[in-house]
Each structure stands twice: as C-alpha cells, then as structure tokens.
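Just so we're clear, the structure is a prediction, and the values are computed from it rather than from any experiment. The sequence lines fix the lettering, A, B, ..., with proteins before strands; numbering per chain opens at 1. Just so you know, these numbers use all the heavy atoms, side chains as well, and skip hydrogens, waters and symmetry mates.
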Amino acid sequence: MRSPAALRMTGIIKMNKLKIADKEFTSRLIVGTSRYPDPKTMLEALDASGTEMITVSIRRLNMHTGNGQESIMEMLSKKDFSILPNTAGCYTAKEAVLTAKLAREALSTNWIKLEVIGDDETLFPDVSELLKASEELLNDGFVVLPYCNDDPVTCKKLADMGCAAVMPLGAPIGSGMGIRNPYNIQIIREIIDIPVIVDAGVGTASDAALAMELGVDGILMNSAIAGAQHPVQMALAMKLAVEAGRLAFESGRIPKKLYANASSPIEGVIGS
Amino acid sequence: MRSPAALRMTGIIKMNKLKIADKEFTSRLIVGTSRYPDPKTMLEALDASGTEMITVSIRRLNMHTGNGQESIMEMLSKKDFSILPNTAGCYTAKEAVLTAKLAREALSTNWIKLEVIGDDETLFPDVSELLKASEELLNDGFVVLPYCNDDPVTCKKLADMGCAAVMPLGAPIGSGMGIRNPYNIQIIREIIDIPVIVDAGVGTASDAALAMELGVDGILMNSAIAGAQHPVQMALAMKLAVEAGRLAFESGRIPKKLYANASSPIEGVIGS
Amino acid sequence: MRSPAALRMTGIIKMNKLKIADKEFTSRLIVGTSRYPDPKTMLEALDASGTEMITVSIRRLNMHTGNGQESIMEMLSKKDFSILPNTAGCYTAKEAVLTAKLAREALSTNWIKLEVIGDDETLFPDVSELLKASEELLNDGFVVLPYCNDDPVTCKKLADMGCAAVMPLGAPIGSGMGIRNPYNIQIIREIIDIPVIVDAGVGTASDAALAMELGVDGILMNSAIAGAQHPVQMALAMKLAVEAGRLAFESGRIPKKLYANASSPIEGVIGS
Amino acid sequence: MRSPAALRMTGIIKMNKLKIADKEFTSRLIVGTSRYPDPKTMLEALDASGTEMITVSIRRLNMHTGNGQESIMEMLSKKDFSILPNTAGCYTAKEAVLTAKLAREALSTNWIKLEVIGDDETLFPDVSELLKASEELLNDGFVVLPYCNDDPVTCKKLADMGCAAVMPLGAPIGSGMGIRNPYNIQIIREIIDIPVIVDAGVGTASDAALAMELGVDGILMNSAIAGAQHPVQMALAMKLAVEAGRLAFESGRIPKKLYANASSPIEGVIGS
Amino acid sequence: MKIKLNGELKILNGSNLLDEVITSYLNGKEARGIAVALNSTIVPKQKWNDTALNENDEVEIVHAVQGG
Amino acid sequence: MKIKLNGELKILNGSNLLDEVITSYLNGKEARGIAVALNSTIVPKQKWNDTALNENDEVEIVHAVQGG
Amino acid sequence: MKIKLNGELKILNGSNLLDEVITSYLNGKEARGIAVALNSTIVPKQKWNDTALNENDEVEIVHAVQGG
Amino acid sequence: MKIKLNGELKILNGSNLLDEVITSYLNGKEARGIAVALNSTIVPKQKWNDTALNENDEVEIVHAVQGG
C-alpha cells in the first residue's frame, strides 16, 4: 500500500498549501513554544507536529537563569522554523506596538502575532486597541496576524485594513473548550478573503479536525499540546487531525440526513 | 524532521494495536466496499484508508453482468485484506444465521459482521433477533461482531455471550450524523471489556476523531468514504482522523475550563 | 391583559389535550413521587407542577415506620391524581408481571408504567424482557406504558403490540443530562402513532421545553423536581416549560438560518 | 390546586423582579413590534407575551399610507407598555446618536436600545462605533441599553461606562439559531454587575428557557414571535419559557451525571 | 408450620388461613390499598378467607409507596 | 429656496419658518409623537416657531414605527 | 422437475444432481468463492456431487459482493 | 546618574553610552537576538554606540522566550 505521502506525490491526493503574505506553508498548524515540561519535550513536540511556524514571546532579558525566560532562539539553534513573535501580555495598543517593534529588531522579522488583551480572566482581545495597533503596525510595514474575537465585523475590518490573516479564537486561551461557536467561524470564513487561522481554544484532535472542516486555513495552538500528559504524542495527533480535517473539507463530505441509507446493496438478498 | 512512522519506530510514540479475537490490527479502521463510483476508486480508497479489514455482503450470484452484484473477491484479487462478511439485508435471526453460514462457506472465514435489521427506514437493529442470532452463531463457532444499538444493556449481553466485539451505531447507517450520543458510547466503553467498534453514522473526519477520543477501539465506515465527492481523499482523511483521535485519547488531553489560562509567560513583560 | 388561561378560553390559543388510552389529560407532565425532602414538599410540588397523573412504586408493606416505605396513598388522601404504578426494581419479565398484577390489585387500576431494568448502573431497560412482559400484560388487559430505550425499532414493536404509549428515555434515570439524542426521539415521534412520553433524563426546564418541541406528547419526570434545591419552584418551572415547549411546537417556529434577517424596517432610516 | 399566580402570592414561589435603571419589571421579556402579519396580531401577541416593555424604531414620517411605516404609537394608543426606541439601521455612532436624540424628542423617553450595525449580512455590531455612541449618549443623560457581541471585554467596558444593561446577541438577528455560545453568555453574566439581556437569536421556547437558565436577567426578541406561524401562541410560549427558565435558574437544578440514579426506592422490591 | 412472609421466615403457630396471617401482620392497620401474592400468584381480597397456607409457602403483602 | 425634507428636494415658495414647513408636510395630521432635526441637530417643538430655514438646509421629520 | 433457483422457477430436464445444476447455472464461470444452500441448509462443495434435488427444492447460489 | 534598566533602578558610575550599559548588563553574553528600547523607542544595534543616556532614562533590553 502506498503511504499518504506517496499518495500525494502521485497526484491522487492534493492538499492545497497555505499561503500567508508571501510565505507558503505545507503544514497548516502553527504551534506555540510555551509551557512544555522541558525544552527537549518542546523540540520533540514541534517536530512531531510537523509545524513550519512557531510562536515566541518578547520578554526582558533576565540574567538570572532557570527562570523560564531563557532565550528560545538558543534552544532552537539547529531548527529551521519560521518565527512568529507575539505581543502576549500587552493590554494597550501602545505596549503592543512597541513590543512588535522590539520583536522585529530582535528577530529580524516583520511578522507579528498581534495580541492586545482586554481582560486577564478571559484573555479576550480588546477590540478597539487591537484595531488601533493593527493600523499602526500595518503602516509601519509589519505583516500583522491579529488574535481576535470570532466577530465577523472585527475580522472584516482587520482584513480590509491589510492584515495578512485573521486569527479568531475558538474558545478562551488554554481553556481546551474547542470551537465554541462554529457558526461565527464559518461566517468569518465566508465573508473574508484572507487566511483565517483559529487561534486558541482547541483542546483535542477532534476540535482541530472540526475547525479545519469549517474551511479555515490553519490552526494555532499551544496549551493543547504542551499541557497534554504526553505532549509529543499529542503533537502528532494534532498534525494528523489538521490534515484529516483539511482533507475532509476538500473531499466534499456526504450530506447529513435524519434517516438511514443502506450501504450494502438491497437486491439479491437470499430468500427474497 | 522525522515522519510519524519514524517517530513511532523510535519508540517515542506508541499507538496500541487493536486485537479482535485472535487477530491483531495496526489500523483501527474497518471499511465497507459498497457504493463507490467504480471499482477502481474503491480499491484506491481502501488503500488510502490504510484499512486491514473490509466488509462484503453475501448476495445471490446473478449471471447478468453490470448489475452491481459482481464478485467483490475478483475485484480484490491481488489485495490482502481480512474479509469481514456481513448479513446486511437480513430481518430475522434465521436469515442472518443462514447468510453467515453461506458467507463462511463462500469465503472460508468464520468471522461475521452480524446485522439483523428491524426497520428499513432507520436500519436500526432488531435487538431480540440480534441476540438470538448471536447466540446461534457463537454456538456454531463463529467470531461474531454484532452491529447493535448504542444500548449498554444489549452490548453487555452480547459481550457476556462471547461476541468478539460490539459494534454500536453512532447514527443511522448512511446518515452522516456523527456520534449522536457520545455519552452512551462512553458508558458502553466503560462497562464492556471487549473491543467496541463504532459502526455507522460517521460523516466526516472530526466525527471519527471524536469517536476514537471516547476510547472506542475502532470504527467501521462505508458511506462517509464512498459517498464523498472525492472518496480516495476522504479515505485518507479518515485514516488520519482515526489515528489522530486514538493518539489524542492515549495522550491525555488538557482539562476543559470555562475561563482562560495564559500560554505565554506572564513575567518579564515590558513596562511592567 | 388577559392571563394565559383567559387567552386559551377565548379560543385565541388552543393547546391540544393529551389522550392516553381512554383518558384525557390537560397537563402533559407526569410526575414521580419519590425522593422529595418530605411529604409536604412532595404534595406542594405535585400541585405546582399541575400534573394530573403521578407514579408510585409497589413495595412490601413494612410495619416499621420511618423507613421511606410508608403508604403513598395515605399521603395523597385528599388529592385527586390518576395513579400510575410502576414496576421499578424489576429485572425480569416475571417479576415485572407479578408486580403489575399486585399494583392492579392494590390500586384498582390496570394502568402500569412497565420498567424492566437491565443493569443497575445505567438503569437502562432490558429490551427482550420488556417486550415479553409487555405482551403478557397486554394479554391480561393492562394499559401498558413501557419505559424503553430511544430505539425506534423497539418503540415500533411496543406500539404494534398494543401499548398505550411508549416512554423512551432521554438520558439515564436521575442523570439530569437532558435529551441526549433528540434525533432518535424525533424519529420515534415520526414513525409511531401512539403517544410518545419522554421518561427520564430531564434535568432542567429547557430540557423539558426542547423535548416537547420535538413533538412528543408528554414528559415523565421525578428527580429533576424532587432533587432540585427548591422542588416546588422547580415543579412550577417544569409545568411552564412543558406548556411552553408544546405551544412552541404547535406554533410553527421560524426556520434557522446562518445569517441575519433584520427585524426592524430597512426603509426610512434617517440620512439615507 | 392553586394557580402559579396563587402560588407566588402565597409566598411559596418567589421570582425576583428585573430592575433596569430605575424601572422595575415583573416580566423579563422585552418584545419587538416589527414584522407581524398585521397590527391586530401584534397587539394580541404583545398581550400574550406578558411583556411590559416593547421596542420601536425611528423612521422618517412618510405621508403615503400602507407602507409599513405607520406610527406605532397610534396602534398602541390604549396600551400601557414602556417604550424602548432603538437605533436600528444606524451604521455609525453619529447616526445612532442623532437617532437616539430624535427618539427622545418624539417619545419623551431617555431610554435607548443602542444598535450600531457593522455589516448588513450578519447585523453584528460595530464595536468601536458602539462604544463611542454609548459614551456620547451616556454623557447626554440617556439610559443606554446597547446591543452588543457576546464579548466579555466589550460588555465589561459598556458596564463600566455606565450603561443600564448589556444586551449581547445569542445569534444573528432573525436567525433563530438560539444561544450559539452559552459559555460566553455565562462568562458575561459572571463578570458584569448590571442586567444582562440576551438580544437576538432566540428561535423557539427552549432557547429562551436555556438563556434564562444561564442566569441572564431577561430576553429581547422579535422575529421568533412575529415570524412564527402562530405569533400569538408563540408569544405565550415565550412568556412561559422565560418564566420557566428563570424559575429553574433560581430553583437550583440537579447536577448532571453520566450514570443513572434510581428515583424509586431500592428496598422492599418483591422477591428480593 | 414455616412460611416466608415478605422475604422473612415466619412460624405459624395458630391459624394457617391467609386472612388471619395478613390481619396479624397488619397489626391493627386497615387492609386498604394492599395486595397479596401467594407463591407468585395474586390472591384477591375476597379469596383471603378461603385460602389456607401450606408449609414453605411464600406470601408477599405489598402496597404503593413513593416511586418515580 | 431649496431644502431637503426627509431626503427629498423641496422648493419653499412661501414661508421658510420650520413650523410652517412641518405643518404643511403633515397635511392636517396632528404633530404628536414626531421629532425634527435640522442639519443633524434636534429642534425641540417649542423652537419650531423661531427657526428659519436657509438654502440647502436638511430637515428630518421622524416618528416611531414598528421595530425590533 | 421444478425447483427454485435463486428465487426463480427452474425446470430441470436433465440431471437432478446439485453439482450439475450449479455447473449449468455458472455457465462456464469457475465455482470459486461461492456457497450453496439447499432448502436453507448449507451444502459444502464436496457434497454437491452426492446431492440429488427433489421436486420444489429451493437452491441458493451466493457469492460475496460489495457491501458495507 | 540614575536610569531604569528593565524596570529596575540602576546607578551609572562609569560611561553613559548605551552600548556600554548593554555590554555590562549582558555580562559576557553575546548580544545576539536582543532588542533595545530607550524611552519606548527602539534603538537599532548600530546606534548603540552613538547613544548617550540621560538621567531617568528608561532602557528595555529584551529577547525572545517561549511563548504561545
């Protein structure tokens, strides 16, 4: 039997690539680098996930070691991931813009996962500050991927402004609740022309598959992998789930029906 | 990066095998062979699905060709699948038992997917006839895999009787409705010691992943693959989804919470 | 403003009555009498629920008092409910039939809520024994209301046999999980001509309303009322919810749509 | 038996009143006046709903009759509802503020249901404009009830600003999809101290009951009643459902469990 | 003579008439709303008087209690 | 003089007093439950009499209609 | 002699041996992967030769087809 | 001279050149993958040498850490 990779190579199965701004990705999974049991597990999980782009945070360089604020870039030294810095922890447009600029300087990338948090219990975005920061960063030449509500109007504004993608949340960060409102995600996917990445909320593989089946272009996750009892194995589960969901979306599923439809032939039954 | 297969070989990721009666399967997906656009598509889809066991029906040998009742065994000639004949179309224990015996004679296998249908609109099983047929076939040395309701009591009886697995339905055959009552499936999984295979109802990849995450041992499907717009691609999606769901189940997912839990570190934010 | 009762009297709003066998009920709620904090609360809750039929169990007369096995009929002395004895606690057809006959003798009613339990963890019915007991009791002139699975085939058999109603479970008894599989309930309602009463599973008011909106004819509940922190208030909530759900079902709800539909007029907006 | 009203009067059952700004309401249902088949049906439906506050729109006085833009105040002449004008159809803060001021002038009320729409397919609010308009109107002495997203951060801002209530949407206006994200509504209810009114999305009675069970203080609806096949009957259904849901919320429901819990006594079964 | 009454062993020293066994069991309580089975067969009230018990008979005396 | 009244062009031949323009528009209908804006500013009823319109003024006369 | 073969009436003019009836039905096709029941009882391949059909016998010749 | 370095007060006794302050802070660590802001404005690496600090200046030295 041919392997999935072999099937794809033969052209029988084609999964479209994900294009964000000028970069093309084979993997539709973006993975965070935080809260793994240890760096070794993180690196193995990133490998297992098949991701090509990972997120990092910008924090004060602290010379005291062993505080969880070591340079991620050193951990990654031999790896070749695209780096997507975030502005996690910022509560105002001003903080987020400065953090984005520091990230650009430190990492030589103008890509930014823009987070402007409105509330530390829900970690939901502050819409007004997010729009303001997006505008400023776009004017300054950034490739902006904003973490936002599952609100079609906000997503439309961000897209119209020139963001490279919108990243609506599926559920609160780290909650593992899955896609709490698939209808909004579906509406966003339908009315927006740029990539839609579900960011936050995914808890397990079926959540990831379901999100992809709604037609979104990718998923960004961290806690679901890093916080699982077996992060490396869960990373592989997520890789497979994202591919499964995408392939299913592109395959054209059977319609749902209330009643049954025999799969075996009805004719030729004995005694009939 | 190492491929999933490579990761498994290195022992980093282990997915348990499925054991039914005396056979061991690496794939947890059993696939039906009916209702594909054509035999070529069927064969490619079976390959793409990675399945090791496929279902067939027993029907009168009809010498008129082109009637959809051609011998499946000829189509499969060079393939090496385990064959699981079914008793689809039987409405009584008597019909089902005779069909099982014909299948054993024709295919030299004592394995049988036991279907005794109670109603042709829902294709739900007739519980009493199913129990009767199971008992007779077990006494006659069959390895019985009964298609049954998602009813813990019936499943318990079938297990106690000596069936090799129970195969509760997720939703009506061909309905594509997914796992309509995950709670019952979960209860069945908890109170039964033999393999639980979800048979019928799966419509798309996330349904398959979700079923596996409930802890079931495998999934049997047909319409979801054969009836998709691109059956081969959907077959691959299902293969990946079943693996993803199983791995996620074995990985120990994060708990669900109503509120957020920051994934990025809280300390070291600039300006703090 | 006219009260609901007044609206109904004027003929503006008509809610159909529930007819089971030869009895007609205005209330579509059947209420159990067990597990209330005390008899006074039970009586007030029964009143608040508006029920016209209550269930009782048959147990050995135990001359030791204060053991929760006092005669319910004495508690009810001045009340005028139809009494529906059950066969709770019976695990075989034989036990259930004898219990039904004892109930008939003790209570001078040939109505019986037939329960034949298959498993004491789920309290799901034993389908084969249930069918057997139903048949015997019907032959003996009983009005049989069987508690059964949400299985269309079993429900159809029970209806064809001559049962006065079928009473599929919404979820395990006392679980409060609501209607776990509304699709099965809907199918049962569509393919059966006798009253369908959802028995067991309802946890709160919206569960009851939702069940009624599926078109079922009534609901039997006990734990959701008796086990609430305020049973009398919850009894009233359930009364209202059952009426609300039934009225909504009969009112013809608006269709569901993914997108919006303005409720306010679009024309005449200022500045347009 | 005592009627529900009688039960409440005796003090056995108390349902708290809804207080918004300085007004107290017995009914927790606010009803829109648009899109009924005819004014007579509207008036009967408003009566049947038991509502004490209804919404109206502000539109150009059009001297051509029969255009659906007749004065609602004339239709209501003898009725005594609180009037809640809305700013439906406004897409900017400026339009909404002017419309609110016109409403205050025309109707002698400083209450306003503030709608600032961001998109005419979803009719979702424009968050930034909504915040701006709220601030202006609050400064001008209005009692502001903003229609908003189910976004905890925006709701918190509106509450902190001094709005009299927040009115998050359950689903798109007129969609009848129910409460698409009960988790967000629950979070909003928990973190906000002012009344939470679910505005938009309710399709049928169980939706209304479920919303109330989340603890929200009231529901505003229009299409679900006006667009039903029998609006007056549906209005009564909604009245009952809102009461049922509220009572259930206040009653303390039983916990949900996966397994069963016998409601009938286990001891004293015959033959035991 | 030994019988089983509601699952418990009972020695009948006096009458073996079902009616009297029931009356004794009820201990002054009125015999309303109860039903009796002898060896898994219902004995209607009007037959209690005619029914003599035998060694090892099993008698069930039941009534309705709170139930769901 | 040209004004815009509820979005439509109107030539005022007679009085340019807001009060009279409104009265003429209402065509006998009572002026209850209506509100008026002149160039996006509310003009309360008691000021209609004092308010003269100018070329290109925009007047909105609104009332409450059925709404959700 | 009349028999029923896969639900259809068939007149046997020649041999009534099951083996030959099957061979004739198969019409040159190889007898692999098929099973035969006579009056609802399986007849294993090695017995086809020994089995004579009687008036009104019902014969089923089946094989495996695509199924779900 | 007092400045604030990553939120903490620091007394500069020697040079007030940004470059030297950074070097001292890094304590031998290589200055790769870091970025510096002075009073909320980024100072690119090539300007560190030209930038003199003033009393009460706020300096942030950051790098990338694990994040989600």
Side-chain angles (χ1 to χ4, degrees), chain A residues 30-36 39 42 54-63 65 67-77 83-89 94-95 97-109 113 115 123 140 147 173-174 199-200 220-227, chain H:
Chain A
I30 306 173
V31 181
T33 57
S34 194
R35 302 209 182 274
Y36 293 83
M42 177 190 77
I54 63 177
T55 60
V56 301
S57 288
I58 300 302
R59 290 290 177 276
R60 285 168 171 168
L61 177 63
N62 186 323
M63 296 312 290
T65 53
N67 60 355
Q69 308 265 308
E70 285 79 17
S71 166
I72 174 117
M73 300 315 289
E74 286 171 19
M75 297 178 198
L76 295 171
S77 58
I83 302 296
L84 179 62
N86 69 29
T87 62
K94 191 170 164 249
E95 284 164 24
V97 167
L98 177 56
T99 301
K101 289 178 179 172
L102 286 165
R104 180 169 58 181
E105 184 70 15
L107 297 165
S108 305
T109 177
K113 174 186 166 186
E115 286 185 49
L123 299 179
D140 196 8
Y147 156 73
I173 293 173
D199 182 3
L220 194 164
M221 66 177 74
N222 188 340
S223 310
I225 293 175
Chain H
M1 194 174 81
K2 283 180 329 214
I3 64 164
K4 233 175 171 178
L5 182 52
N6 276 356
E8 292 183 1
L9 188 72
K10 192 170 172 73
I11 313 289
L12 296 188
N13 295 319
S15 162
N16 69 341
L17 259 193
L18 180 57
D19 193 32
E20 300 195 17
V21 170
I22 294 167
T23 305
S24 148
Y25 187 76
L26 290 181
N27 195 19
K29 198 171 152 14
E30 205 185 343
R32 262 195 341 153
I34 71 172
V36 173
L38 170 57
N39 300 330
S40 298
T41 303
I42 307 294
V43 185
K45 200 173 181 179
Q46 63 272 26
K47 296 260 178 87
W48 294 353
N49 235 333
D50 308 347
T51 306
L53 299 180
N54 297 312
E55 185 76 19
N56 294 327
D57 271 359
E58 300 194 2
V59 177
E60 300 276 354
I61 307 177
V62 304
H63 67 157
V65 302
Q66 292 173 281

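For the atom pair Q66(H) CD and T55(A) OG1, the distance stands at 10.5 Å (nearest 0.5 Å). Taking CD of E74(A) as the reference point, atom CZ of R32(H) lies at 7.0 Å (rounded to 0.5 Å). Note that the CD1 atom of I61(H) and the CG atom of L102(A) stand 11.0 Å from one another [nearest 0.5 Å].
In terms of non-hydrogen atom pairs under 4.5 Å with chain H, the most contact-rich of G32(A), S71(A), G89(A), P39(A) is S71(A). When each of T41(H), N27(H), L26(H) is scored by its heavy-atom pairs under 4.5 Å with chain A, the top score falls to L26(H).
At least one side-chain heavy atom of K29(H) sits less than 4.5 Å from a side-chain heavy atom of L61(A).
Of the charged side-chain nitrogens involved, none lies within less than 4.0 Å of a carboxylate oxygen, so that R60(A) and E8(H) do not count as a salt-bridged pair.
Of all non-hydrogen atoms in R59(A) and V65(H), the two that sit nearest each other are CG-CG2, 3.5 Å. Residues G68(H) and S34(A) come closest through the heavy atom pair N-CB, 4.0 Å. G67(H) and N86(A) get closest at one heavy-atom pair: C-ND2, 4.0 Å. Closest non-hydrogen pair, P44(H) versus E105(A), comes out as CA-OE2, 3.1 Å.
Only the side chain of L107(A) comes within less than 4.5 Å of a heavy atom of chain H; its backbone N, CA, C and O stay farther away. Neither the backbone nor the side chain of M221(A) comes within contact range of chain H; no heavy atoms are under 4.5 Å apart. For E115(A), the part lying near chain H is the side chain, with the backbone staying farther off; criterion is any non-hydrogen pair under 4.5 Å.
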